[in-house]
Structures are given as structure tokens and as C-alpha cells.
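Numbering of ligands and ligand atoms starts at 1, following listing order. For reference, positions follow the sequence shown, starting with 1.
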Amino acid sequence: MKATAKAHTNIALIKYWGKRNEALILPTNNSLSITLDGFYTTTSVEFKEDLSKDAFYLNDCLIEGEQSNRVIKFLDLVRDLAGKELFAEVNSTNVVPTAAGFASSASGFAALAGASTKALGLELSETELSRLTRQGSGSACRSIFGGFAEWQKGQKEDGSDSYAVPIATESHWDIRVAAVVLSSKMKKVSSRSGMRRTVETSPFFRGWVDSIPADLTAIKEGIRDKDFEKVGQIAEANCLKMHATTLGANPPFTYWLDTTMSVMQTVQELRAKGIPAYFTIDAGPNVKVLYLPEHEDMVQNTLSNVPGVSEVKLSKVGKGITFLKDDEFA
Ligand code: DP6
């Protein structure tokens with residue numbers, strides 16, 4: 001009863017920021033992301049008769065505490081669904097440089113959902129898999145699909161209509177993402193607690209939610225028409241709106257460092273020089289920059305030279321979840 005799955009992380013162009021139901025992970029707004037081929041997690045799950053509890057290994061280290069509890073809670077959902085009571089050994093390899101500020105939870109929970117359901121013989125459709133994955137980590141439900149995916153928030157209380165749908169495949173459009181890693185660290189407010197505080201206390205939160213439908217309609221047109229300026233402008237503005245909500249929270253907070261702002265300025269300077277590039281930022285200080293393949297060298301060199309930047313990692317658009325044979329585990 002073993003299976004292995006590989007899932008890529010994703011970067012949201014229209015952010016998921018706010019939950020209407022914390023237990024079921026139901027969002028207050030639709031979100032839209034690009035799946036990235038450069039960053040992924042491979043996870044193998046084996047359910048065994050002789051285990052007395054679950055064991056979760058990440059990059060060959062046994063993990064305990066909060067991170068492992070989230071994995072076990074997710075395995076409980078899968079066991080319920082399959083009507084099985086076996087414990088599992090979970091082995092994950094992250095090719096998501098944690099320092100790159102990508103939520104490895106997105107690729108991590110997508111791979112875990114794929115491998116664990118397959119190991120227990122559940123034959124789920126991609127929609128069913130996305131809906132289940134959502135309950136591990138919201139943004140992960142978009143990583144079931146390659147290319148561009150939209151997480152539809154749904155209306156129902158039970159979450160049955162809250163899952164991701166594909167918008168365009170990875171071959172639709174070759175755009176690139178540079179993950180700009182900063183050398184300084186800051187104490188992290190997790191995305192989970194940051195979005196909770198924003199929902200509960202920020203007077204800007206309503207404005208954020210109200211602004212989403214127009215952003216979504218416009219960005220989907222931009223993706224359909226391969227209009228890079230349009231997609232970039234909407235993504236950058238949407239990211240700034242999301243981060244503005246945190247400044248209105250009580251107590252206020254921000255994920256940005258001074259270097260975050262230097263990188264943002266550098267991206268704007270690139271544009272002033274005629275290089276179309278746009279930034280987006282998740283719940284952390286690192287910046288992701290959207291650009292076109294013909295500007296790769298220029299973008300990489302310019303970003304690498306910003307003081308305080310330690311690394312710039314490049315990625316293309318990636319594919320959705322895949323299942324591997326044992327000997328392909330990597
Ligand atoms: C800022 O998916 O990590 O990256 O559902 O609580 O696990 P949980 O949160 P998570 O939040 C991601 C927030 C974001 C925006 C996004 O990816 O859409």
C-alpha cells in the first residue's frame with residue numbers, strides 16, 4: 001500500500017488572503033496562480049500493518065511537532081475517506097529551497113494528498129483531489145493543476161464547491177518567475193495567523209475582498225490574450241493590496257524588509273528602462289518577479305546585484321501533479 005507523487009509549488013497572481021471557515025479551510029475570495037516547474041516536493045506514503053503511529057520524514061529527518069501534526073491530521077481525513085485505520089510512513093523530499101520563501105506547504109500537501117489517496121486505493125478525480133488537498137493547506141489545492149489555476153472559493157458551508165480549476169495549461173504561455181532570496185531573515189508571522197489577524201481586525205479587509213472579482217476577470221483576459229503587461233500590472237497591484245491589509249491590522253504588521261522594498265524599486269526601474277517585469281510577494285519578505293524569457297539575463301543580473309539579495313532562482317511554468325514509480329523517487 002505504497003504510492004509516490006510529485007507536485008510543484010505555485011505562486012499566486014491573485015492572492016488567497018482570508019478564510020471564512022478555518023477548520024475546513026474555506027477562503028473569502030477566489031485566487032489564481034502559476035504552477036512553477038523549478039520548485040517541487042516528491043512524497044511517498046506507505047500504509048503498513050505493523051506501525052503503531054504515523055511517521056513523517058522530510059529530507060530524511062524525522063519531523064515532530066506542529067508540522068508533523070498537520071500531516072497526521074491530513075492522513076486522518078484520507079483514512080476516513082477510505083474507511084481504513086492503518087498508520088503510514090511518509091517520506092518527503094523538498095526541492096523547494098525553503099529560503100526561497102515559497103510556501104513548501106503548497107507542493108507538500110498536494111504531493112501528500114496524491115500519494116496517500118493512491119496508496120489507499122482511492123481513485124480520485126483531479127477536482128476531488130484538489131478539494132481534499134485544500135484541507136491540508138489552502139494554496140495547495142491549486143498545485144494539483146499545471147499552468148494557470150484558479151481556486152474557486154465556493155458558496156457552500158461544507159466546502160464541497162471549493163476547489164481549483166485549470167485556466168490554461170503549462171504550454172499555453174512561456175512566462176518566467178525569478179524568486180529573489182534575501183540574505184536577512186525576520187521573525188515570521190505565518191500566513192495562517194497573519195490572515196486570521198487581518199480578517200478579524202483590519203478595516204481594509206472588506207475593500208480587499210470587494211476588489212477581487214474585477215482583478216480576476218481582467219487577469220483571466222490577460223492570460224487568455226498573453227498580454228504580459230496587463231497580467232503583470234494586475235498581479236503587482238493585487239499583491240500590494242493584500243499587503244496593505246496587514247498594515248491596517250491590530251496589532252499592525254508587515255512581511256516586508258528594507259531589502260524587499262529595494263527589490264520592488266529595482267523592478268520598477270527595470271520597467272522604466274523598457275524591460276517588462278512585475279513583482280509579487282507572499283507572506284514573507286522575499287520577492288518573486290515575473291518576466292519574459294527574452295529578458296532572463298537582464299532580469300537575473302539586475303536582481304542579483306541588489307544589495308542584500310543572496311540568490312535569484314529562476315523557474316518556468318510547471319505541470320500538475322504526477323505519480324511516480326518507486327525507482328523514480330527523486
Ligand atoms: C500569501 O495556503 O499557506 O501565499 O490555508 O492556512 O495553509 P493555509 O495558508 P496558505 O496561505 C497562502 C497565502 C499566500 C497567498 C496565496 O498563496 O494565495
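None of Lys15, Arg142, Lys153, Glu150 except one satisfies the side chain to side chain donor-acceptor pair (under 3.5 Å) rule with Ser31; the exception is Arg142.
Put simply, the side chain of Ser33 never gets that close to the backbone of Ala12: no donor and acceptor are under 3.5 Å apart.
For Asp227, the salt bridge (charged side-chain N to carboxylate O under 4.0 Å, His left out) test picks out no residue, with sequence neighbours left out. Listed by chain and residue number, Tyr278 satisfy the ring pair (Phe, Tyr, Trp, His ring centres under 6.0 Å) test with Phe228 (two or more places apart in sequence, or in another chain).
Residues Ile223 and His172 meet the side-chain proximity criterion, which asks for heavy atoms closer than 4.5 Å.
Below 3.5 Å of separation, one finds no N or O of Trp17 facing any N or O of ligand 1. Considering backbone and side-chain atoms together, Ile14 places no N or O closer than 3.5 Å to any N or O of ligand 1. The shortest N or O to N or O distance between Ser137 and ligand 1 is below 3.5 Å.
Under 3.5 Å, the side chains of Asn91 and Glu89 contain a donor-acceptor pair of N or O atoms.
Near Ile25, with a cut-off below 4.0 Å to any heavy atom, the atoms of ligand 1 are 5 (O). Which parts of ligand 1 touch Ala283 is read off a 4.0 Å heavy-atom cut-off, strictly below it: atoms 1 (C). Each of the atoms 3 (O), 9 (O), 10 (P), 11 (O) of ligand 1 lies under 4.0 Å from some heavy atom of Ser191. Near Ala12, meaning under 4.0 Å from any of its heavy atoms, are these atoms of ligand 1: 16 (C), 17 (O), 18 (O). Counting the atoms of ligand 1 from 1 in the order shown, those under 4.0 Å from a heavy atom of Lys19 are 5 (O), 6 (O), 8 (P).
Heavy-atom separations between Arg134 and ligand 1 are all 4.0 Å or longer. Heavy-atom separations between Arg70 and ligand 1 include at least one value shorter than 4.0 Å.
Within the 4.0 Å heavy-atom criterion, both parts of Ser139, backbone and side chain, lie near ligand 1.
For the pair Lys230 and Glu221, the salt-bridge criterion is met [side-chain N within less than 4.0 Å of a carboxylate O].
Stacking of Lys6 on the aromatic ring of Tyr40 is recorded, both the 6.0 Å distance cut-off and the 45° axial limit being met.
For atom 8 (P) of ligand 1, the nearest non-hydrogen atom from the set Arg196, Lys15, Arg192 comes from Arg192.
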